[in-house]
Amino acid sequence: MITGTDRVKRGMAEMQKGGVIMDVVNAEQAKIAEEAGAVAVMALERVPSDIRAAGGVARMADPRIVEEVMNAVSIPVMAKARIGHIVEARVLEAMGVDYIDESEVLTPADEEFHLNKKEYTVPFVCGCRDLGEAARRIGEGASMLRTKGEPGTGNIVEAVRHIRKVNAQVRKVVSMSEDELMTEAKLLGAPYEILLEIKRLGRLPVVNFAAGGVATPADAALMMQLGADGVFVGSGIFKSENPAKFARAIVEATTHYQDYKLIAELSKDLGTPMKGIEISSLTPADRMQDRGW
Amino acid sequence: MIKIGVLALQGAVREHIQSLEACGVEAIAIKHKEELAEVDGLVLPGGESTTMRRLIDKYDFMDALREFARSGKPMFGTCAGLILMAKHIVGYTEPHIGVMDITVERNSFGRQVDSFEADLMIKDVADSFPAVFIRAPHIVEVGENVEILCKHEDRIVAAREGHFLGCSFHPELTDDHRLTAYFVEMVKEAKEKQLEKAGSH
């Protein structure tokens, strides 16, 4: 009997497919998320849009909040650690968190190196904007990917850019002949072995969710249609007027992403969604997606 | 030609479809209850049971699934699917589909850091079977007509009751398709029986 194998860690993410993972900041929100049909919750101290508003250094959540959420629900609980912060990740693992997000939403602790995720029993999810970044994270041991998008903006444009880019690059690698892959690995900055695995499987070896800007049921369905395996919703739900209704609508739109009549019904009377931020108005320091290397 | 459905509301649908296809049968994803009429057997995949239950209710799937079970067509639940099939769930007053005479306990091996792989001996299937347990449930108790197929550390992790098959682990996550093939045989036998019955009338 062995724990922490690739199969167990990647398999956990496979079980989340077709589902919605919701950001929550307390037990009450976690229960609303579970009741609405979330496949997991991300326990945070602040949702990304509030992190943007607060400024300063964003760190791992207070373990009290994570513990409170873990005690409140039976679905898996994820939590965020800063990029490269070995101790935050180990603390979350020791608490029994089900998945760790090594996340650009928090202020990076290391501007050169990500965590060596292979060394942990707990699985990790990491953000990516292109296949090079995706493959480097898998190479370090990430068991699940998500687009970075631009968190806390309520603007889907960056997540769309990232999922299209990754999937186009995957298709290219799959169609290349094997003797071209080493040069492609060099150009992408991707581990060669991971590209070989992608070519052999015809897809990424781990699940890839959409994240960073999903604000409406139609946004969630759009990401599914573009090939995401599932959706993370951060600020969108609990910043909306009726979180329970909003959360249910996102779950259903994700399951039935090609049923447009249903999505029309779901989208009625949801109240005002989060206001959203135009990406070009962000200063370079505000762009969370550029964190990570 | 045998055709088997995989309930596709959420979870590891693709893996089950691939495993069924590797066993030489046609497999389709079931997203709407009307599609149940097309298939000879049904797999309830792993995923999150609370999510699947909400979507089952929302899309009025429950009666159709119970009718499918009553009609004698085989059902195979893995992990969350096993929880959906069980008549009793520890800590809950009501079951989900509630057709298999077993009591299950959710997340009974612990959280994700306790998830594991183990080699199992499964009666009538394999002497050594690679099993992946992910936040897995286990079967606490079985009814008198239920046959225990496998135990791991004294906990029941696979069982069969007539045309119902269930396991705690994920046979769809490895390349060993023997348990899926065992289910395919159950579906073939059930279909032959139904054809005979139809012929004798």
Side-chain angles (χ1 to χ4, degrees), chain A residues 1-21 31 33-41 70 73-78 92-100 120-123 143 201 203 207 229-230 247-249 251-252 254-259 262 266, chain B residues 7-16 18 29 31-32 45-59 78-81 83 89 91-92 105-120 130-137 152-153 169-175:
Chain A
M1 189 174 122
I2 29 172
T3 57
T5 62
D6 272 353
R7 254 191 210 149
V8 162
K9 294 199 282 189
R10 291 178 178 185
M12 158 75 199
E14 300 284 351
M15 297 310 138
Q16 304 267 295
K17 276 189 303 195
V20 181
I21 300 168
K31 281 182 181 150
E34 181 176 48
E35 182 58 33
V39 290
V41 290
M70 285 170 65
V73 293
S74 65
I75 55 177
V77 176
M78 303 186 171
L92 292 172
E93 180 181 54
M95 290 180 66
V97 161
D98 295 300
Y99 236 92
I100 297 177
Y120 295 73
T121 306
V122 66
S143 309
L201 292 169
R203 56 174 172 81
V207 163
D229 291 310
R248 287 197 298 270
V251 168
E252 285 170 46
T254 303
T255 305
H256 292 287
Y257 59 91
Q258 286 175 311
D259 188 339
L262 174 78
L266 296 172
Chain B
L7 186 68
L9 294 174
Q10 189 272 317
V13 177
R14 177 182 67 204
E15 290 72 13
H16 271 295
Q18 285 168 349
K31 279 210 164 192
H32 302 97
E48 282 306 318
S49 60
T50 50
T51 304
M52 287 193 226
R53 173 60 194 269
R54 224 199 77 70
L55 293 166
I56 284 172
D57 287 347
K58 180 75 196 175
Y59 299 110
T78 63
C79 195
I83 296 167
I89 307 167
Y92 294 75
E105 184 174 353
R106 293 182 64 203
N107 301 335
S108 66
F109 291 91
R111 302 192 71 96
Q112 172 59 18
V113 286
D114 307 306
S115 293
F116 61 96
E117 286 186 51
D119 270 319
L120 305 179
V132 185
F133 290 79
I134 297 173
R135 289 171 44 92
H152 175 69
E153 293 187 340
F169 49 90
H170 293 282
E172 75 280 12
L173 288 183
T174 72
D175 295 328

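In what follows, every chain begins at residue 1, and chains take the letters A, B, ... in the order their sequences are listed. Values in this document were obtained by computation on a predicted structure and should not be read as measured data. Values below: every heavy atom of this structure, side chains too, minus hydrogens, waters and symmetry copies.
- Only the backbone of B/Asp114 comes within contact range of chain A, with at least one heavy atom under 4.5 Å from a heavy atom of that chain.
- Put simply, of B/Arg135, B/Lys31, B/Glu172, the one with the most heavy-atom pairs under 4.5 Å next to chain A is B/Arg135.
- Contacts of A/Glu14 classified as side chain to side chain donor-acceptor pair (under 3.5 Å), with partners at least two apart in sequence or in another chain: A/Lys17.
- Most heavy-atom pairs under 4.5 Å with chain A, from the set B/Glu15, B/Met52, B/Gln10: that is B/Gln10.
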Apply side chain to side chain contact (heavy atoms under 4.5 Å, CB included) to residues B/His32 and A/His256 and explain how you reach the verdict. CA-CA 10 Å; B/His32 302 97; A/His256 292 287; 3.9 Å; yes
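- The CD atom of A/Gln16 lies 10.0 Å from the CD1 atom of B/Ile134; values are rounded to the nearest 0.5 Å.
- Salt-bridge formation is detected for the pair A/Glu252/B/Arg54: a Lys NZ or Arg NE/NH1/NH2 atom is positioned less than 4.0 Å from an Asp or Glu carboxylate oxygen.
- Under a 3.5 Å cut-off, the side chain of B/Gln112 and the backbone N or O of A/Val8 do form a donor-acceptor pair.
- Interface check for chain A: of the options B/Arg14, B/Glu153, B/His170, B/Arg53, the most heavy-atom pairs under 4.5 Å are formed by B/Arg14.
- Residue A/Thr254: no heavy atom, backbone or side chain, is found under 4.5 Å from chain B.
- Inter-residue side-chain proximity for B/Phe109 and A/Thr3 is flagged as unmet; no heavy-atom pair is nearer than 4.5 Å.
- Of all the listed residues (A/Ala36, A/Pro76, A/Gly230), the one sharing the greatest number of non-hydrogen pairs under 4.5 Å with chain B is A/Pro76.
- In terms of non-hydrogen atom pairs under 4.5 Å with chain B, the most contact-rich of A/Met12, A/Arg10, A/Glu93, A/Glu35 is A/Met12.
- Distance alone, capped at 3.5 Å, places no donor-acceptor pair between the A/Asp98 side chain and the B/Arg111 backbone.
- With rounding to the nearest 0.5 Å, the separation of OG1 in A/Thr121 from CZ in B/Phe116 is 14.5 Å.
- Side-chain contact between B/Leu173 and A/Met15 is present, with at least one heavy-atom pair separated by less than 4.5 Å.
- B/Leu55 touches chain A through its side chain: at least one heavy atom from C-beta onward sits under 4.5 Å away, while N, CA, C and O do not.
- Judged purely by atom type and a 3.5 angstrom limit, A/Glu34 has no side-chain atom pairing as donor or acceptor with the backbone of B/Thr50.
- Of the atoms belonging to A/Ile100, not a single heavy atom falls under 4.5 Å from chain B.
- Atoms OG and CD1, from B/Ser49 and A/Ile75 in turn, are 10.0 Å apart once rounded to the nearest 0.5 Å.
- Between A/Arg7 and B/Glu117, the closest side-chain pair of non-hydrogen atoms falls below 4.5 Å.
- The greatest number of non-hydrogen atom pairs below 4.5 Å with chain B, out of A/Val122, A/Val39, A/Thr5, is found for A/Val39.
- With respect to chain A, the highest number of heavy-atom pairs below 4.5 Å among B/Gly11, B/Ala118, B/Pro45, B/Ala80 belongs to B/Gly11.
- For chain A, the nearby part of B/Lys58 is the side chain; its heavy atoms alone come within less than 4.5 Å.
- Of the atoms belonging to B/Val132, it is side-chain heavy atoms, and not backbone ones, that fall under 4.5 Å from chain A.
- With sequence neighbours left out, the salt bridge (Lys or Arg N to Asp or Glu O under 4.0 Å) criterion links B/Arg106 to no other residue.
- Looking at A/Ala40, there are no atoms closer than 4.5 Å to chain B (heavy atoms on both sides), in backbone or side chain.
- Of the two parts of A/Val77, the backbone and the side chain both hold a non-hydrogen atom closer than 4.5 Å to a non-hydrogen atom of chain B.
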